[in-house]
There are 2 protein chains.
Amino acid sequence: MHTVRDNARAVLSFLYTGSMNAPRTARERARAELTREILASARRQLGEVGAPGLSLRSVARDLGMASSAVYRYFASRDELLTALLIEAYNEVGAAAERSDRPKAVPENRWLGVWNGVRNWSLANRHEYALLFGTPVPGYAAPHLTTEIAARMPLTLARIVADAKRDGGLRPYTGPECDPSAIEPAMLALLDDGAFTVEETARLILAWNRLVGVIGFELHGHLKNVTADDAAYFEYTARSEGANLGLAFD
Amino acid sequence: MHTVRDNARAVLSFLYTGSMNAPRTARERARAELTREILASARRQLGEVGAPGLSLRSVARDLGMASSAVYRYFASRDELLTALLIEAYNEVGAAAERSDRPKAVPENRWLGVWNGVRNWSLANRHEYALLFGTPVPGYAAPHLTTEIAARMPLTLARIVADAKRDGGLRPYTGPECDPSAIEPAMLALLDDGAFTVEETARLILAWNRLVGVIGFELHGHLKNVTADDAAYFEYTARSEGANLGLAFD
DNA sequence: TCATTGTTGTGAGCGGCGCTCTCTGTTGAG
DNA sequence: CTCAACAGAGAGCGCCGCTCACAACAATGA
């Protein structure tokens, strides 16, 4: 029998794997149901008022239960936010994968995924902030989240790997990265060592910049700076793709 | 005579210009003094616990006064944070300017300013978060803050402008930006039209990426990704400088 | 079958928060 | 000297996260 304390882990596992150990008793079914409802309500509120405004008490009110009862399901507000964080990581990863069209030419795939991530972020700005904005608490089990967080950047890597395999990658130009700057484990993670250190560095840079430029747009730093955010974003995408050797002009 | 309500504007003006209308009466002197003390205490707490943890009540406790008294000086917590925001904008701008060595070659100036901004950010991570992390409230008088916020990017622009004047700028390569993506007013702002639209776009990109890569490092997204953050950062700086035509390899 | 055991929900309560209001004493301008 | 503007104190409102004791209840094993 699992105790209440184990629940958090169970929820994370649920979010990660998409399924839970099948609930055997009525109580377990009710528990799974209510856990989902709490998450759904929290997610709704996150979308409306953002992470700072999300309160456990208001979730409880929304569900017509005592605020203290919610603590049977999530040990703290941070734990609830962590669950939402994982959910959001999965969503942006899914959005990236969904907007990849493996049959298109690499350049169009690249733009498609960049735009897919941007569109998700514009439609879910509070979720984006949760992922890439200022971190608030101690937060989630790092090992679990990093695995999920990799989904989006791996989608980018796959495009470049395919281009490389098909000979569609130009030799890169410009300054090169000190190889010792990159964590060796990253090389293995990225498509089982399909990339050189230099390519890996540029991939990291591209991922980094994709997130960065969206943040600038979302946080208003481009106000009075750019006139057409979508065009500026596409320019960023092309610039970054070219840096990796994709054939933009 | 100014009323209490005017104080906020006075504080902002004080932070911006570095001086205030000379206090004539003892009361005005005391007011200026206490305002500074409140800001100093708030700044101290910001550095320790970050913006979410900063509370007006604890500032009041720190200064040995009733919490309600603080409201004579700052109309709300947001207004206090706004003052800190402006202070931080000025600081990072000053750090950028201080780390520029106008007599050095453009490439070294470029690296110097990038590192200067990074070092300030590492030493003031909560302040960085206030500037470039998730925005929380409605926040400051935009017109005032944008003027101050421009200090740091303008330092970058100056280096490139000097290089261009001295003929040290290579013709740029790679994808170009749709000119209509850039706000025309930006062209005038940047050294009175010293730059082409394309150069302006690349400057914006560089500024954007400088902030972005620091955010990634500060927020832990580079953990298990890079092995040497400083080396990776310098790589970013060189890559960005080369994109603007600076002679990095 | 039934007592035992762990789980679930409640409501009261703690300390903290931002913020408001009223009241008192004080300062400075006319 | 008068009087309006100001500064500070303290009580209080409605939130918040979180804890705890308690009662209702469901699963389980003797």
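The figures that follow rest on heavy atoms only: side chains count, while hydrogens, waters and symmetry mates do not. Bear in mind the structure is a predicted one, so any value in this text is a computation, not a measurement. Naming: A, B, ... by sequence-line order, numbering from 1 per chain.
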> Please work out if A:Leu34 contacts a base, only the sugar-phosphate, or nothing of the nucleic acid, heavy-atom cut-off 4.0 Å.
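Contact class for A:Leu34: sugar-phosphate only.
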> Just to confirm, is there a sub-4.0 Å distance from OP1 or OP2 of D:dC6 to any side-chain nitrogen or oxygen of B:Arg72?
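Result: no.
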> What contact category does A:Leu54 fall into here, base, sugar-phosphate, or nothing, at under 4.0 angstrom with non-hydrogen atoms?
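Result for A:Leu54 = sugar-phosphate.
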> For the pair made of CZ in B:Phe74 and P in D:dG8, what is the distance, rounded to whole Å?
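After rounding, the gap between these two atoms is 13 Å.
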> Whether B:Arg29 contacts D:dA7 is assessed here as follows: a side-chain N or O lying under 4.0 Å from the phosphate OP1 or OP2. Is that the case?
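For D:dA7, OP1/OP2 do not have a side-chain N/O of B:Arg29 under 4.0 Å.
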> Can you tell me how far C1' of D:dC6 sits from CD of B:Glu28, to the nearest Å?
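From B:Glu28 CD to D:dC6 C1': 11 Å.
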> Taking the side chain of B:Arg27 as its heavy atoms from C-beta onward, which of D:dC16, C:dT27, C:dG18 lies nearest to it?
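Ranking D:dC16, C:dT27, C:dG18 by closest atom to the B:Arg27 side chain puts C:dT27 first.
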> When all nucleic acid strands are considered with a 4.0 Å heavy-atom cut-off, which category describes A:Ser55: base, sugar-phosphate, or nothing?
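Answer is sugar-phosphate: A:Ser55 comes under 4.0 Å of backbone atoms only.
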> As a test of reading the structure: which of D:dA7, C:dG9, D:dT19 is closest to the side chain of A:Ser68, going by heavy atoms?
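Of the candidates, D:dT19 comes closest.
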> Donor-acceptor pair, distance only, cut-off 3.5 Å: does the side chain of A:Ser41 make one with the backbone of A:Glu37?
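Judged by distance alone, no pair lies under 3.5 Å.
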> Mind calculating the distance between CG (B:Asp78) and C1' (C:dC17) to the nearest angstrom?
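Value for this atom pair: 14 Å.
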> Go nucleotide by nucleotide along DNA chain C from the 5' end; which of A:Arg57 and A:Ala69 gets its closest nucleotide reached first?
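The answer here is A:Ala69.
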> State plainly whether the residues A:Glu183 and B:Lys223 are in salt-bridge range, i.e. N to O under 4.0 Å.
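Salt bridge: no.
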> Any side-chain N or O of B:Tyr73 under 4.0 Å from OP1/OP2 of D:dG8?
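The answer is yes; a side-chain N or O of B:Tyr73 sits under 4.0 Å from OP1 or OP2.
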> In whole Å, I'd like the distance from the CG atom of B:Leu80 to the P atom of C:dC19.
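My rounded result for the distance is 10 Å.
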> Has the side chain of B:Asp62 got a donor or acceptor atom that lies under 3.5 Å from a matching backbone atom of B:Ser58?
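No, because the side chain of B:Asp62 does not come within donor-acceptor range (under 3.5 Å) of the backbone of B:Ser58.
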> Would you kindly give the CZ-to-C1' distance between A:Arg31 and C:dG6, to the nearest whole Å?
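Those two atoms, CZ and C1', are 12 Å apart.
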> Return the nearest nucleotide to the side chain of A:Leu56; candidates are C:dA29, D:dC18, C:dC19.
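Given the options C:dA29, D:dC18, C:dC19, the side chain of A:Leu56 is closest to D:dC18.
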> How many whole angstroms separate atom CZ of B:Arg77 from atom P of D:dC16?
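It is 16 Å, rounded to the nearest whole Å.
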> Has the side chain of B:Tyr128 got a donor or acceptor atom that lies under 3.5 Å from a matching backbone atom of B:Val211?
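Present.
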> By nearest atom, which of the nucleotides D:dA9, C:dT10, D:dA7 is closest to the B:Met65 side chain?
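Of the options given, the side chain of B:Met65 lies nearest D:dA9.
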> Measuring from the side chain of B:Tyr71 (C-beta onward, heavy atoms only), which nucleotide among C:dT10, D:dC25, C:dT20 has the closest atom?
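Ranking C:dT10, D:dC25, C:dT20 by closest atom to the B:Tyr71 side chain puts C:dT20 first.
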> Answer yes or no on whether A:Arg151 is positioned over the face of A:Tyr89, meaning its NZ or CZ is under 6.0 Å from the six-membered ring centre and within 45° of the axis.
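Ring-cation test returns no.
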> Over how many whole Å does the gap from B:Glu79 atom CD to C:dC19 atom P extend?
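It is 10 Å, rounded to the nearest whole Å.
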> Pick the nucleotide of DNA chain C nearest each of B:Ser76 and B:Ala26; which residue has the one closer to the 5' end?
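Between the two, 5'-proximity favours B:Ser76.
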